[in-house]
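Remarks on the structure that follows.
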2 protein chains.
Amino acid sequence: VVIVGAGFAGLAVAKGLRLSPFDVLVVDRNNYHLFTPLLYQVASALLDPSEIAHPIRAVLRRSPNVDVLRAEVESVDVEAHTVRLAGGSILTYDHLVLAAGSVNNYFGAQGWAEATASLKFLSDALRLRNLVLERFEAAAATPDPVRRQSLLSFVIVGGGPTGVEYAGALSELIHGVLKKDYERLDFTRARITLIEAAGTILSPYDAELREAALRTLAARGVGVILQSRLAEILPDRVRLDDGREFAAGTVIWTAGVAAAPLAAQVVEKPGSHGRVPVSANLTLPSHPEVHVIGDMAEAPSPSGPLPMLAPVAIQQGQYLATRLRSLVATAHDPGPFLYRDRGIMATIGRNQAVVQTRHLKLSGLPGWLFWLAVHLSFLIDFRSRAVVLLNWAWEYLFYDRPVRQIVTAGSEPGPASPL
Amino acid sequence: VVIVGAGFAGLAVAKGLRLSPFDVLVVDRNNYHLFTPLLYQVASALLDPSEIAHPIRAVLRRSPNVDVLRAEVESVDVEAHTVRLAGGSILTYDHLVLAAGSVNNYFGAQGWAEATASLKFLSDALRLRNLVLERFEAAAATPDPVRRQSLLSFVIVGGGPTGVEYAGALSELIHGVLKKDYERLDFTRARITLIEAAGTILSPYDAELREAALRTLAARGVGVILQSRLAEILPDRVRLDDGREFAAGTVIWTAGVAAAPLAAQVVEKPGSHGRVPVSANLTLPSHPEVHVIGDMAEAPSPSGPLPMLAPVAIQQGQYLATRLRSLVATAHDPGPFLYRDRGIMATIGRNQAVVQTRHLKLSGLPGWLFWLAVHLSFLIDFRSRAVVLLNWAWEYLFYDRPVRQIVTAGSEPGPASPL
């Protein structure tokens with residue numbers, strides 16, 4: 001079994017196939033699994049990378065039948081049952097699991113990937129953190145009030161959970177922490193604006209929770225512009241499709257994702273978001289030995305295609321491991337994948353979150369406590385839990401975000417041993 | 001007062017001038033103060049950057065007369081009393097404090113800065129960590145045994161405290177942690193070699209402590225080659241000056257430091273290590289308003305010029321702050337700077353350190369416990385202490401180094417807003 005991608009979906013398969021008769025190889029371009037729901041906290045200077053990223057080899061350590069390879073997958077040939085890696089190596093498989101996740105979707109806009117920051121990968125989050133901190137250093141140093149206004153103006157594109165959570169966290173970083181660092185800077189000039197093309201933010205939530213989220217954002221000084229799209233990104237400002245222009249030195253893109261480009265190689269007609277339409281048992285209809293799960297898969301359900309969410313990915317991975325095991329052990333097919341929706345949640349900074357499950361709707365402090373407990377329990381190891389809890393407690397008590405160092409590794413000329 | 005550099009020396013001055021009549025500006029190219037004695041632990045995947053790097057603005061927060069500027073100093077004109085920043089801005093001063101620290105010294109060898117990794121700045125440590133982890137990924141993936149031997153061979157140049165401490169930490173990372181990650185790799189082929197030009201490692205220590213350190217390194221599988229110099233660095237091996245060659249895919253340079261290049265601008269004849277010879281009160285003889293402290297200064301003492309050590313830098317900074325205050329308050333000069341030598345120490349991995357003070361010589365476990373207590377007490381804030389202690393305890397109990405993610409920020413094309 002070759003598993004492409006060690007995100008929530010791929011890792012769930014690998015864990016589920018532990019001590020099974022299968023010879024499993026997990027291929028990922030990174031050597032870590034990323035706990036993406038807390039990525040925005042790295043980008044807002046609250047957590048260090050190691051608290052939300054875990055070495056894949058450590059997670060899968062006590063699995064003698066599971067091996068890990070750090071490599072980029074270049075192409076897949078479903079007819080020949082091969083996977084080609086960057087560098088030219090070829091892997092062959094009996095079962096292929098495609099779980100390469102998703103990438104940012106700029107809807108074809110030229111140059112926006114370069115002109116915006118994003119929040120998809122760990123390197124994005126570190127870059128965004130450095131960028132925000134550098135903006136304030138530059139604002140403190142410039143004598144030009146127009147330039148300063150641009151430097152202090154942040155635009156977040158997209159009112160989904162990532163955009164809303166980052167808006168709340170950025171507001172806390174700016175007004176709770178940086179305000180104390182830059183005593184001579186006028187923080188009433190700092191602007192965070194959230195732009196959403198639809199008529200509402202957090203569209204999967206009920207109206208009362210969306211209203212609560214909007215009130216919280218307003219209370220934190222985040223301006224929300226609905227039913228507007230970004231038309232143009234200029235060096236010091238943005239223009240919307242209705243012609244409005246305003247100052248913006250930093251644009252953060254959270255407005256859309258699409259399946260990883262690998263999806264286009266295994267299907268002629270991609271589904272929504274460029275995903276691979278799969279059967280109810282998560283295989284390619286034409287190739288039952290090719291399984292597609294997680295953000296890459298468009299899986300059917302009674303209420304339409306399943307959303308691109310971590311819980312869907314985890315449950316699909318678990319289902320697939322069980323299915324593969326029972327195919328070998330009993331030659332019995334366990335039937336189609338059924339998603340159990342345990343609910344959705346989003347936090348909007350200190351003491352505020354919205355939680356929606358089948359039986360429960362929470363906002364404000366109760367929602368936040370619920371969010372806290374769930375996220376802590378899902379972090380992978382005890383050390384991360386303890387460090388994350390300590391960072392959260394520190395920030396909560398002292399309004400301080402400790403990870404404010406502007407650090408890069410690799411941008412300067414590095415040790416050039418060409419091995 | 002303009003202070004160039006927020007290392008141990010510069011920060012001690014800024015803290016000492018808190019709530020004084022002086023108008024103080026601290027200029028540093030980074031926005032953080034780095035606790036350099038633990039840098040090797042970042043490079044060996046034990047600590048995250050935020051645990052040893054602290055935002056300068058946060059450290060100096062409750063000081064209304066102290067301001068911070070993140071900028072690179074390009075040149076100093078001691079005649080005109082001006083400091084020119086990269087970008088062209090000019091600062092003027094009444095008192096100038098030069099505390100820009102030191103840089104790696106390659107003794108004129110061409111290309112070695114590019115061919116070796118180093119352990120001087122935070123970005124170096126992150127790069128070295130990524131590099132070591134990548135070597136093991138590549139070794140696990142290559143079918144070529146010669147290439148694998150190079151990838152698994154690490155050479156550390158320099159037997160001072162940095163080299164010895166990193167050798168011990170790297171050995172623990174490899175044999176304690178990575179061995180469990182790469183079960184199919186033959187770890188008896190992993191090599192760490194320490195090369196020292198002098199006849200002994202840790203030369204400032206007494207013979208019995210040096211012997212203890214050598215025994216510990218041998219027990220941890222670190223080969224030590226004394227009285228040898230690096231002659232050539234080839235892509236897959238190194239050659240020594242006596243003609244010996246051996247496999248080496250990664251060369252780590254800890255063999256020498258020199259004063260920051262700024263030193264050459266204020267003195268015609270630099271002292272040892274390119275430092276600025278200063279009077280007993282740490283000023284330039286020709287310019288009593290220019291103070292040079294820390295690694296940049298060659299300060300006199302009864303036993304010769306003071307060494308380039310963190311305690312010297314801290315005490316010089318404290319002395320200078322006191323002196324400036326009393327010059328203003330009482331017009332009384334407190335006399336020359338006297339260094340109080342509280343001792344030196346170095347750790348060589350788990351349970352092993354050497355400590356030498358005037359009254360005390362410790363090695364092994366007692367030395368290690370002493371080292372632990374001293375370093376924890378010097379870390380700047382409570383959160384860092386707690387997180388560092390937790391990471392140390394985790395590694396100690398589980399032989400695990402948690403910060404093993406290969407992460408870079410900034411090497412990929414970044415958000416290009418040209419503000």
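- Contacts between A:Ala140 and chain B at a heavy-atom distance below 4.5 Å involve the side chain alone, from C-beta outward.
- Smallest separation of non-hydrogen atoms from B:Arg61 and A:Val177: NH2-O, 3.7 Å.
- Other residues, nucleotides and ligands contribute over 12 non-hydrogen atoms within 6.0 Å of the NZ atom of A:Lys120.
- Note that the CZ atom of B:Arg57 and the NZ atom of A:Lys180 stand 14.5 Å from one another [nearest 0.5 Å].
- Heavy atoms from other residues, nucleotides or ligands lying under 6.0 Å from CZ of A:Arg239 number more than 12.
- Taking chain B as the reference chain and counting heavy-atom pairs below 4.5 Å, the highest number among A:Asp67, A:Leu69, A:Ile233 is found for A:Asp67.
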